2 protein chains.
Amino acid sequence: MANQLNLRIDRSSPVPLYHQVVQGIEAAIHTGLLEPGSRLENEIDLAAQLNLSRPTMRKAMDELVRSGLLVRKRGVGTQVVSSQVRRPLELSSLYDDLSNSGSKPTTDVLSFSHEEADASIRKALQLPAGAKVYHFTRLRKVGGKPLALMENWVRDDITTIDEASLASQGLYGILRNGGVNFRLASQRIGAMIANDYQAPLLETTAGSALVTMERTAVDDTGRMVETGHHAYRADSYSFEMTLVQR
Amino acid sequence: MANQLNLRIDRSSPVPLYHQVVQGIEAAIHTGLLEPGSRLENEIDLAAQLNLSRPTMRKAMDELVRSGLLVRKRGVGTQVVSSQVRRPLELSSLYDDLSNSGSKPTTDVLSFSHEEADASIRKALQLPAGAKVYHFTRLRKVGGKPLALMENWVRDDITTIDEASLASQGLYGILRNGGVNFRLASQRIGAMIANDYQAPLLETTAGSALVTMERTAVDDTGRMVETGHHAYRADSYSFEMTLVQR
DNA sequence: GTCAATAGTTTGTCCTGACATTAGGATGTT
DNA sequence: AACATCCTAATGTCAGGACAAACTATTGAC
């Protein structure tokens with residue numbers, strides 16, 4: 001008890017109250033103020049201390065439980081989950097992930113075209129016959145070392161894409177600036193052996209292991225915006241995620 | 001308009017009302033009664049039709065949005081997301097996944113021991129020095145064909161595990177019967193080349209691609225219950241998931 | 001001393017009500 | 001006819017209350 005979460009709620013802020021609580025508790029956990037395994041005060045007292053209603057407090061805790069930071073148990077209380085588990089896989093691009101982790105990614109655009117979509121791409125993006133798409137292949141490097149080989153198809157009725165912008169920023173950044181609000185993506189992760197085309201580009205030998213990902217992203221209007229096949233060097237990349245039981 | 005969702009709410013059921021709504025809408029989507037892209041009626045009317053309050057209706061829709069089946073847009077309405085995207089990766093075992101998809105998995109227990117945990121396992125499971133764990137290796141087959149090679153370590157202060165039960169059911173089933181309530185798991189997915197030990201067991205050749213997964217699972221009391229390294233034949237298995245932007 | 005009934009605490013569910021914010025269409029003016 | 005403005009409809013946020021269900025710990029009985 002005496003948690004003293006040091007939370008301050010700014011009612012004049014445009015940020016929703018429950019989200020301010022989420023951010024506050026997240027910060028408390030990350031700074032170590034709330035230790036793993038420690039119990040929080042009960043919802044009603046916490047809400048009262050912050051002059052919030054219980055539903056608002058509960059909504060905040062719901063989010064934290066969903067993201068795996070807290071664990072609730074009826075009749076017992078709410079605990080900070082033992083740390084060491086990572087954040088869930090987010091709907092972000094490789095470029096963002098690398099930038100956020102302090103690296104400076106670079107991109108080589110290996111091919112670029114604006115062409116009519118073939119049948120498989122039309123199916124993946126749910127486009128009518130004759131629709132055109134941007135089709136390009138990129139090589140992503142970090143610290144001069146190649147990490148990923150990416151081939152993508154993007155529908156062309158949203159924003160224009162050119163080779164120069166692809167070389168200077170991530171695809172998702174371009175699309176977001178073009179007004180796309182991503183909502184969800186479905187992806188499949190597997191493995192394959194590097195072939196003679198991939199191996200020299202990724203500066204590895206044919207026969208080495210690659211992690212593969214196929215992804216299709218959907219925006220808030222339900223349109224399939226982008227689909228792509230990516231291949232990563234297995235010795236440099238893996239997908240990390242946290243699954244939460246509901 | 002006139003959606004006629006055919007939902008029936010049973011107020012005497014122990015299943016929470018919002019969850020009955022979730023199940024009903026899920027069923028409507030899967031049976032095609034609600035087509036991809038179609039708009040739902042607004043929350044207030046839907047709630048009124050089912051004699052529910054709006055918060056209850058919203059809670060149901062929140063779940064569906066979270067799982068990626070619906071998309072909401074303020075001022076506009078709620079849409080069924082274009083199908084073709086799959087369900088999110090769930091906290092379940094390979095055994096369950098295979099059983100649910102109609103296959104009949106079998107398990108060969110290659111090794112089994114009850115031994116003192118070494119330093120790396122103690123760290124992964126957060127155990128004190130001298131603690132003992134179950135350590136075993138299994139080969140999972142479907143239709144007689146090998147699919148996965150799995151090595152696991154399980155803490156021994158929860159339930160007893162023996163070779164016979166491992167051969168007849170999945171690890172998560174054993175642990176659940178032993179009273180473990182899983183809450184979350186963190187896992188990493190990557191790739192590797194089959195080595196001389198793995199290749200013959202998986203009936204493939206050394207040098208072929210494998211998908212690897214390392215997972216640590218936590219129960220509702222915050223204890224690390226299980227950790228393991230798995231290797232799957234890349235030509236037979238891949239991880240499929242849906243990411244939802246919040 | 002051991003076991004079962006009980007009381008209290010905490011989260012889970014559900015309700016009614018209110019106002020804010022946003023998107024998009026309708027309206028009116030230029 | 002083109003444009004800006006207003007209005008409407010829908011979701012987003014927040015409050016306060018009530019009861020149910022589950023777990024803990026205490027109390028009581030044998």
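Bear in mind the structure is a predicted one, so any value in this text is a computation, not a measurement. A note on names: the letters A, B, ... follow the listed sequences, proteins ahead of strands, and every chain is numbered from 1.
The nearest heavy atom of DNA chain D to Asn51(A) and to Asp62(B) marks one nucleotide each, and the one closer to the 5' end goes with Asp62(B).
Listed by chain and residue number, Arg155(B) satisfy the side chain to side chain donor-acceptor pair (under 3.5 Å) test with Asp157(B) (two or more places apart in sequence, or in another chain). Thr56(B) meets the side chain to side chain donor-acceptor pair (under 3.5 Å) test with Ser53(B); sequence neighbours excluded. For Glu43(A), the side chain to side chain donor-acceptor pair (under 3.5 Å) partners two or more places apart in sequence, or in a different chain, are Arg54(A), Arg58(A). Every residue two or more places apart in sequence or in another chain that forms a ring-ring contact (aromatic ring centres under 6.0 Å, His included) with Tyr134(B) is listed here: His114(B). Qualifying side chain to side chain contact (heavy atoms under 4.5 Å, CB included) partners for Gln79(A), counting only residues two or more places apart in sequence or in other chains: Arg39(A). For the side chain to side chain contact (heavy atoms under 4.5 Å, CB included) test, residues two or more places apart in sequence or in another chain that qualify with Ser238(A) are Arg188(B). With sequence neighbours excluded, no residue forms a side chain to side chain donor-acceptor pair (under 3.5 Å) with Glu35(A).
In this structure, Leu40(A) atom CG and dT9(C) atom P are separated by 19 Å, rounded to whole Å. A straight line from CE of Met61(A) to C1' of dT10(C) spans 11 Å, rounded to a whole angstrom. Following rounding to the nearest Å, Gln20(B) (CD) and dC14(C) (P) show an atom-to-atom distance of 8 Å. The separation between His19(B) atom NE2 and dC14(C) atom C1' is 16 Å, rounded to whole Å. Rounded to whole angstrom, the span from the CD atom of Gln79(A) across to the P atom of dT11(C) amounts to 11 Å.
Put simply, the side chain of Arg122(A) gets close to the backbone of Ala117(A): a donor and an acceptor are under 3.5 Å apart. Of the possible polar contacts, one joining the Thr31(A) side chain to the Ala27(A) backbone as a donor-acceptor pair under 3.5 Å is found.
Ile44(B) comes within 4.0 angstrom of a base, heavy atoms only. Contact annotation for Ser53(B): base contact, defined as any heavy-atom pair under 4.0 Å involving a base atom.
Taking every nucleotide of DNA chain D with any atom under 4.0 Å from a non-hydrogen atom of chain A, the first and last of them, 5' to 3', are dT13(D) to dC23(D).
For Thr56(B) and dC15(C), the shortest distance from a side-chain N or O to OP1 or OP2 is below 4.0 Å.
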Requested in this report: Between protein and nucleotides 17-27 of chain C, map the contacts as a letter string: B base, S sugar-phosphate only, - none, heavy atoms under 4.0 Å, written 5' to 3'.
Outcome: -B--BBS----
